[in-house]
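Reviewing the structure listed below.
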Amino acid sequence: MRPLLILFAMFMINATAFGQEFSIIDGRAIKLYKEGEQLILERKYPEAIARFQDAINREGSFLEAYVKLSQLYITLGDLELAEQTAAKGKSRLAGKNAKPKHAADIGWVYSNIYLKKGEFQKAYDQFMEVDPLLDDSFRSHMYYKEMKAQMEFLKGQLGKEMSIGKEMLSDPLNRFKLQYFPVLTADGKQILFTKRDGTGNFDKEDIFTSFLDESGEWSLPVGISDNINSGFNEGTCSVTADGNILIYTSCDAPDSQGSCDLYVAYKVNDRWQRPQNMGKNVNSRSWDSQPSLSADGRVLFFSSNRRGGFGGNDIWYSVRMSDGSWSEAKNLGDVINTPKDEISPFMFFNNEILFFASNGHQGFGGMDIFLSRVKDGEFSEPENLGLPINDQLEQVALFITAQKDYAYFTELTSKESDNDRALLYRFNFPKEIYLGDNLTVTGGKVFNSKTGEPIDATLSLVSLTNDSTLYEFRADGKTGEFMMLYPEKSISGLYVEKKGYLPKIYNVQRDSLQNVEDMEISLTPVESGEEFVFENIFFDFDKFDLKPESLSSLRRLVKFLDENPNVNIMITGHTDNVGSSAYNQKLSLQRAESVRDYLVEHGVLSGRAMVEGKGDREPMVPNTNSKNQALNRRITIRIL
């Protein structure tokens with residue numbers, strides 16, 4: 001229970017349980033007690049403490065004063081004094097004027113103390129002991145109902161604490177006074193975080209980054225780019241899996257729409273371009289911050305307190321359009337958002353699990369971390385991550401690696417030796433929390449087959465089951481390097497495309513792309529006589545009807561012809577050597593015609609697509625086994 005609710009609950013006990021009846025008759029002590037209550041209303045807490053203490057000193061059996069003083073200490077965060085005061089009051093319950101309601105009030109205080117200390121089993125046991133003693137009138141109030149709901153939640157959580165090994169990130173990280181909101185690229189080789197030297201007005205925020213070398217050591221952190229860090233504050237950033245799109249928060253910049261806005265920067269030819277304000281479709285006149293990009297940067301999640309939400313800070317989202325612009329931000333809805341605060345979204349690399357912090361969903365106290373799973377395009381009811389990830393303190397943000405091995409977070413310290421620092425930590429992410437199928441992170445290069453020059457091609461991983469794009473990345477124009485994520489159980493195709501070049505198409509499972517490191521992809525310029533294998537075109541055995549799984553490749557062939565309006569093609573069907581040559585010749589032609597018919601149905605002039613069937617006359621590989629035969633059953637496209 002948060003301090004403000006504790007304070008209100010303190011008043012409610014006296015209003016509902018005590019009324020004007022006290023455990024003592026000493027008028028002077030009662031007067032001091034009432035003066036203390038008034039001082040609380042005036043927020044003069046030290047003076048109120050003195051009045052309650054004076055009342056206790058005058059009359060040691062003044063049970064109400066022990067309760068009120070203990071609750072005030074809870075509100076002020078001094079749990080040790082709160083417990084000591086409650087213990088003194090509890091020792092007086094054996095007095096002749098003590099009644100069951102006094103035991104109930106002392107027990108209520110202890111329940112709150114144990115909750116604030118994170119001693120949840122004690123809090124639960126104490127509440128179960130005191131619950132039967134509480135007045136029915138108090139049970140009707142929201143303060144009791146919130147406590148009751150939290151105890152029901154604890155009942156399901158106690159005894160399920162997971163094992164995590166928390167560790168502070170080693171030097172040269174954590175060398176600044178404040179560093180927070182860590183994020184990593186999918187391969188875990190680059191970390192970005194917000195760095196600040198202090199909490200003064202002139203201590204500004206910048207984005208810093210560090211790289212992991214081959215020996216497993218982090219490099220000295222440096223500012224991400226002079227094009228991004230400026231004289232204003234830049235912080236709370238998010239980066240795509242390949243590290244090429246960055247969105248961050250900047251506050252009070254000259255071009256801001258409101259107090260804090262979101263900015264986007266793109267890395268082109270291995271260099272960060274000048275960032276741009278994301279504009280009114282994303283930003284508002286209110287606070288817009290804490291971005292989280294999906295792995296390939298096509299969807300942005302962020303927190304905002306703008307109008308149109310459900311209360312406090314809500315989580316919103318925007319989609320990157322085909323022209324690079326961003327759609328008008330929309331609220332994520334009331335499954336995620338509550339009348340209280342939802343902040344720090346993080347979309348996991350599989351685009352299926354959203355993590356966020358909230359004090360509006362049932363938790364252990366303050367902000368807890370929750371996850372919601374995407375099922376059939378809808379977010380499911382949020383799940384609390386449980387102990388010890390969440391506890392009685394504020395959990396603000398979490399970042400989990402693509403490999404699901406570590407979760408990174410920030411821990412605030414206020415110890416005298418640390419002098420108020422924010423440090424980067426990580427822990428072993430527990431296997432008890434299911435994060436979906438494993439992801440494989442690999443990379444490679446795309447280059448021109450004729451010249452060897454790098455190409456900034458687009459690489460799309462597409463589900464062949466429903467033609468949905470799982471990930472879309474771009475190779476770097478300076479180096480040709482790219483990164484790709486492969487879900488373990490997805491039946492998918494990889495499409496490598498660049499205008500002016502023949503596309504390169506792969507079947508991920510058949511070609512075992514997950515196991516290929518430093519993959520080299522050569523694209524051939526569009527020229528007469530050039531040919532490519534038109535992968536992921538599927539027919540049932542001995543038939544020529546196109547299967548639904550062929551849709552992804554067919555659509556891309558239409559796109560290729562639209563982008564190259566002067567190109568005509570020859571569609572050639574091939575078979576293996578099973579069956580007679582005459583039959584195979586006919587079947588291969590029919591399959592080529594099926595592809596041509598799809599193109600014509602989708603706007604391609606019939607004269608641009610010729611067809612032929614070559615049966616089993618031109619095998620790619622010898623028909624010596626079933627795997628080779630499968631390779632020979634194919635469609636090829638030749639530029640005329």
Side-chain angles (χ1 to χ4, degrees), residues 167-197 203-251 253 262-276 289-297 300 302 344 346-347 349 397-403 406-411 421-426 441 443 473-474 476 478-479 481-483:
E167 61 178 345
M168 186 172 72
L169 300 191
S170 59
D171 190 73
L173 301 179
N174 284 320
R175 59 176 42 217
F176 307 109
K177 183 176 180 63
L178 302 170
Q179 46 260 296
Y180 40 90
F181 284 106
V183 297
L184 289 85
T185 51
D187 58 8
K189 295 181 179 180
Q190 183 182 6
I191 186 171
L192 299 91
F193 57 88
T194 304
K195 167 256 187 187
R196 185 168 182 159
D197 291 323
D203 293 315
K204 71 183 190 72
E205 292 180 321
D206 283 321
I207 299 172
F208 268 57
T209 187
S210 175
F211 295 87
L212 197 67
D213 62 25
E214 294 182 358
S215 64
E217 299 293 327
W218 289 104
S219 65
L220 186 69
V222 296
I224 187 170
S225 169
D226 290 340
N227 274 346
I228 293 173
N229 290 331
S230 70
F232 301 96
N233 291 327
E234 292 83 28
T236 55
C237 68
S238 178
V239 69
T240 49
D242 60 3
N244 287 332
I245 304 177
L246 175 79
I247 293 182
Y248 66 91
T249 308
S250 184
C251 299
L262 296 172
Y263 289 74
V264 61
Y266 297 91
K267 187 186 286 186
V268 179
N269 296 341
D270 204 32
R271 178 178 173 80
W272 285 110
Q273 304 302 294
R274 189 170 298 278
Q276 296 179 338
S289 185
Q290 300 174 341
S292 174
L293 279 165
S294 62
D296 59 1
L300 166 67
F302 63 98
S344 305
F346 164 60
M347 176 56 75
F349 288 92
L398 208 61
F399 181 94
I400 301 156
T401 61
Q403 294 74 21
Y406 289 105
Y408 287 75
F409 68 105
T410 307
E411 185 164 291
R421 298 194 64 192
L423 302 171
L424 304 179
Y425 278 76
R426 73 178 185 180
V441 182
F473 294 101
R474 182 175 291 276
D476 184 86
K478 182 178 180 180
T479 64
E481 295 179 349
F482 70 89
M483 179 184 295

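Shown here is Gln276, whose CD atom has no more than 12 heavy atoms of other residues, nucleotides or ligands within 6.0 Å. Lys189 NZ: 12 or fewer foreign heavy atoms inside a 6.0 Å radius. The local environment of CG in Asp226 is sparse, with at most 12 non-hydrogen atoms from other residues, nucleotides or ligands closer than 6.0 Å.
A side-chain hydrogen bond (donor to acceptor under 3.5 Å, both in side chains) with Gln190 is found for one member of Thr185, Thr209, Asp242 and no other, namely Thr209. Across Phe399, Phe346, Tyr408, a single residue satisfies side chain to side chain contact (heavy atoms under 4.5 Å, CB included) together with Val183, and that is Phe399.
Panel note: side chain Lys267, backbone Leu246; no donor-acceptor pair is recorded below 3.5 Å. Counting only distance, with no hydrogens or angles, the side chain of Ser250 and the backbone of Asn233 share a donor-acceptor pair below 3.5 Å. Of the possible donor and acceptor atoms, one in the side chain of Glu234 sits under 3.5 Å from a partner among the backbone N and O of Ser230. Using a distance-only test at 3.5 Å, with no hydrogens or angles considered, a donor-acceptor pair links the side chain of Arg421 to the main chain of Asn174. Under a 3.5 Å cut-off, the side chain of Asp197 and the backbone N or O of Asp203 do not form any donor-acceptor pair. Without hydrogens or angle criteria, Thr240 side chain to Ile245 main chain gives a donor-acceptor distance under 3.5 Å.
A donor-acceptor pair shorter than 3.5 Å cannot be found between the side chains of Ser225 and Asn227.
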Residues Lys478, Asp476; criterion side-chain contact (heavy atoms from CB on, under 4.5 Å); working and verdict: CA-CA 6 Å; Lys478 182 178 180 180; Asp476 184 86; 3.2 Å; yes
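Atoms CD1 and CG, on Ile247 and Leu300 in that order, are 4.5 Å from each other to the nearest 0.5 Å. Note that CG of Leu262 is 11.5 Å distant from SG of Cys237, once rounded to the nearest 0.5 Å.
Scanning both residues, Ala186 and Val441, for their nearest heavy atoms gives O-CG2, 3.8 Å.
Two residues are said to be in side-chain contact when any heavy atoms from C-beta on lie closer than 4.5 Å; Phe193 and Leu173 meet this criterion. A 4.5 Å side-chain heavy-atom check between Pro182 and Thr410 finds at least one atom pair inside the cut-off.
Phe208 has its ring centre less than 6.0 Å from the ring centre of Phe176.
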